[in-house]
Amino acid sequence: MAATAPPSAAAPPAAGAPQKSVIAAPPAVGGAVSAVNRPDEPPFQLKLEPEKLIFRGDKLNEGSTTVEVKLTNTTKDRHSFKVKCTSNEIFRVRPPLGYVDGEQTQSIKITFATKNGAVPDSTKHFFAFYHLKSAETKPARQVWTATTKPEGVKRILVAFEKEDGSPATTGAGAPAAPAAAAPADGAKDAKDTKDAKDAPPAPAKDAAPAA
C-alpha cells in the first residue's frame with residue numbers, strides 16, 4: 001500500500017490581505033461567552049460606553065433596533081479601530097472600522113434585525129473592538145491586514161430585553177456553530193450598511209468590513 005503523504009503546512013497569509021482573525025476564542029462560562037481578555041490579548045486602552053449592549057423593546061422579533069456605542073480616544077495619539085461581530089446575518093455596524101483622533105469620540109451605530117422572528121439568548125453574542133495607534137491617512141481597511149496586531153482588545157456582550165427588563169429571547173435564536181472559515185475568535189468582520197437603522201440586513205457571504 002502506498003504511503004500517504006503528510007499534509008502540507010498552511011501557507012502564511014499574503015501581505016496586505018484583509019484581516020480575518022486576530023486571537024483565539026475566549027473561554028465560555030456556563031454556556032455564555034466570556035468578555036474577559038485572554039492572557040495573550042493586550043488590554044483596551046481607549047474608552048467604550050456602554051460596556052454592555054442591550055437591545056431593548058417589546059417587538060424585537062418584528063423589526064430592527066439600533067443602539068449607539070461611543071468610542072473615546074483618551075490618548076493624545078490618533079488610533080485606528082475595528083469592530084467584529086458574531087453574526088453578520090442579524091447585526092450591522094456603522095462604521096465597522098475607521099480612525100479616531102486623540103481626545104476625540106467616535107459614534108458607532110450597531111443594529112440588530114431579527115431573522116425569522118428569532119431573538120437570541122443574551123450573552124450568546126458579542127462584539128469585539130480592536131485598536132492601535134496609527135498616523136496613516138490611507139483607508140482603515142488597508143491598516144487592518146492579516147498580519148496586523150491590535151494594541152488593545154475588548155469584547156462587549158449583547159443582551160436582549162423587553163421594556164420591563166425581562167428577557168426578550170424567543171427560544172429560537174441561539175447562534176449557529178461557526179463555519180470552518182469563520183475567524184478563530186468567534187467574531188466576524190462587521191458589515192456596514194448605508195442605512196443601518198431602517199434596512200434589515202441581508203445574509204452576507206463575505207464578512208469583510210466595508211471601508
Q) Hey, is K162 close enough to D164 for a salt bridge, meaning N to O under 4.0 Å? A)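 So K162 does not pair with D164 through a salt bridge.
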Q. Could K76 and E103 be called an ion pair, given the rule that one side-chain N must be under 4.0 Å from one carboxylate O?
A.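 Here K76 pairs with E103 in a salt bridge, since their nearest N and O are under 4.0 Å apart.
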pair [X]-[Y]: side-chain heavy atoms closer than 4.5 Å:
| X | Y | answer |
| --- | --- | --- |
| I90 | P120 | yes |
| F129 | I108 | yes |
| R155 | N37 | yes |
| K188 | K84 | no |
| E136 | V143 | yes |
| V69 | L53 | yes |
| I156 | L48 | yes |
| T123 | V158 | no |

Q) Any side-chain donor paired with an acceptor under 3.5 Å for T74 and T72? A)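 Judged by distance alone, the side chains do not pair up.
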Q. Is there a donor-acceptor contact under 3.5 Å linking the side chains of S80 and S134?
A.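 Short answer, no.
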Q: Using a cut-off of 6.0 Å, state whether more than 12 heavy atoms not belonging to E51 lie near its atom CD.
A: no
Q: Flag yes if more than 12 heavy atoms outside K138 fall under 6.0 Å of its NZ atom; otherwise flag no.
A: yes
(Q) For the residue pair R78 and Y99, would you count it as a cation-pi contact if the rule is NZ or CZ under 6.0 angstrom from the ring centre and within 45 degrees of the ring axis? (A) yes
**Q.** Stepwise ring pair (Phe, Tyr, Trp, His ring centres under 6.0 Å) test for F112 and H125
**A.** CA-CA 11 Å; F112 162 71; H125 286 281; 8.5 Å; no
(Q) Suppose we call two aromatic rings close when their centres sit under 6.0 Å apart. Are Y130 and F44 close by that rule? (A)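 When the ring centroids of Y130 and F44 are compared, they turn out to be at least 6.0 Å apart.
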Q. Distance-only, no hydrogens or angles: does the T170 side chain make a donor-acceptor pair with backbone N or O of V119 under 3.5 Å?
A. yes
